[in-house]
Amino acid sequence: MGIRLPTWVWVGAVALSCVAGMVNVVGFLGFEHQAVSHLTGSTSQLGIALAQGDWRSVGHLWGLLIAFSLGAMLSGLIIQGESLQLGRRYGLALALESALLLAAIPLFKQQQVWGALAAAMACGLQNALATTFSGAVVRTTHLSGMFTDLGIGLGHLLRGLPLQLRRLTLSGLIISGFLAGGILGAWLFVRWQYDALLAPALLTGISGLGYVLYRQWVLLRHR
């Protein structure tokens, strides 16, 4: 099955993957050196910490898992639906993500774990948002699914089967967006330290405002 999504969803998916790349790099380069945009590695680290009896790390890692899940829960509360509809409150969700990233900056500067938790919650909210508006086709805060889709496409190509060009193109764009965000986030962190999070916070805030204005424009056109 091919992917039939509006152009604004494609643009939003790439922009959000860039945001996640920036946020995750800041988490890695920060004082805890912790990924915040996905939970696979953090869950493995939690297993190690439990086995070693490192209870400080256990508390920190459980906090990350819970924060990410709470962010996804907030998205579900705000959007309240699984189908793509222009009238849904995606703008509010993006504004809340922006606020969480802004809140993470002073917490990171004080070397408080709450900074990582706020960033993880923002990523959980974003991933749930993208999952909702794409029907689970788009995941913007981790790339395993995107690389899997590319691998499947390569396998189909070698067997001479039809390629899902839209899916492969979307996967490539999201991977490129995340990588570009990582490069930009690392460059900004060297210069601004934790203030580098201002860039993804500004991008999500502007995206949320842009969506609200676009929705209003569409509504006015159909009156």
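Computed over heavy atoms, backbone and side chain alike; hydrogens, waters and symmetry mates excluded. In this chain, numbering begins with 1 at the start of the sequence shown. As the structure is a prediction and not an experimental result, all values here were calculated from the model.
Between L203 and A15, the shortest heavy-atom distance links the atoms CD2-O, 3.9 Å. D54 and S57 get closest at one heavy-atom pair: OD2-OG, 2.7 Å.
Q111 is linked by a side chain to side chain donor-acceptor pair (under 3.5 Å) to nothing, counting only residues two or more places apart in sequence or in another chain. Not counting sequence neighbours, S17 has no partner by the side chain to side chain donor-acceptor pair (under 3.5 Å) test. Applying the side chain to side chain donor-acceptor pair (under 3.5 Å) test to S98 and every residue at least two apart in sequence or in another chain returns nothing. By the salt bridge (charged side-chain N to carboxylate O under 4.0 Å, His left out) test, R159 is found to be paired with no residue, residues two or more places apart in sequence or in another chain being considered. Listed by chain and residue number, W10, L173 satisfy the side chain to side chain contact (heavy atoms under 4.5 Å, CB included) test with T169 (two or more places apart in sequence, or in another chain).
Linking Ile, Leu, Val, Met, Phe, Trp and Tyr whenever their side-chain heavy atoms come within less than 4.5 Å leaves L61 and L70 in two separate clusters. Note: the hydrophobic cluster containing L107 does not contain I66 (ILVMFWY, side chain heavy atoms under 4.5 Å, direct or indirect links). Using a 4.5 Å cut-off between side-chain heavy atoms of Ile, Leu, Val, Met, Phe, Trp and Tyr, with links allowed through other members, L202 and I105 fall into different hydrophobic clusters. Residues L64 and F108 share a single hydrophobic cluster, defined by chaining ILVMFWY side chains whose heavy atoms lie under 4.5 Å apart.
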Run the side-chain contact (heavy atoms from CB on, under 4.5 Å) test on L170 and D149 for me, step by step, so that the C-alpha distance in whole Å, both residues' side-chain angles and the decisive distance to 0.1 Å come before the verdict.
CA-CA 10 Å; L170 182 59; D149 286 344; over 6 Å; no
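Contacts classified as ring-ring contact (aromatic ring centres under 6.0 Å, His included) and involving residues 35-54 (residues at least two apart or in different chains) are not found. Among residue pairs with one or both ends in residues 175-204, those qualifying as side chain to side chain donor-acceptor pair (under 3.5 Å) are K109-D195; sequence neighbours excluded.
With rounding to the nearest 0.5 Å, the separation of CG in L74 from OG in S69 is 11.0 Å. Atom-to-atom distance recorded for L101:CG and L96:CG is 9.5 Å, nearest 0.5 angstrom. Note that CG of L94 is 5.5 Å distant from CG of L129, once rounded to the nearest 0.5 Å. Put simply, CG on L143 and CD1 on I174 are 8.5 Å apart, with the number rounded to the nearest 0.5 Å.
Counting side-chain heavy-atom gaps under 4.5 Å among Ile, Leu, Val, Met, Phe, Trp and Tyr, the cluster of L213 also holds L209. If you chain together ILVMFWY residues whose side-chain heavy atoms come under 4.5 Å of each other, V11 ends up in a group of its own. Members clustered with I183: L179, by chain and number, using a 4.5 Å side-chain heavy-atom cutoff among hydrophobic residues.
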Name every donor-acceptor pair, under 3.5 Å, that has one atom in a side chain of residues 21-34 and the other anywhere in the protein, sequence neighbours excluded.
| from | atom 1 | to | atom 2 | distance (Å) |
| --- | --- | --- | --- | --- |
| N24 | OD1 | V36 | N | 2.9 |
| N24 | OD1 | S37 | N | 3.1 |
| N24 | OD1 | S37 | OG | 3.3 |
| E32 | OE2 | R56 | NH2 | 3.1 |
| H33 | ND1 | F28 | O | 2.9 |
| H33 | ND1 | G30 | O | 3.2 |
| Q34 | NE2 | S42 | OG | 3.0 |
| Q34 | NE2 | Q45 | OE1 | 3.1 |

When the side chains of residues 115-126 are checked against the rest of the protein, which donor-acceptor pairs come out under 3.5 Å, sequence neighbours left out?
| from | atom 1 | to | atom 2 | distance (Å) |
| --- | --- | --- | --- | --- |
| Q126 | NE2 | L16 | O | 2.8 |
| Q126 | NE2 | T140 | OG1 | 2.9 |

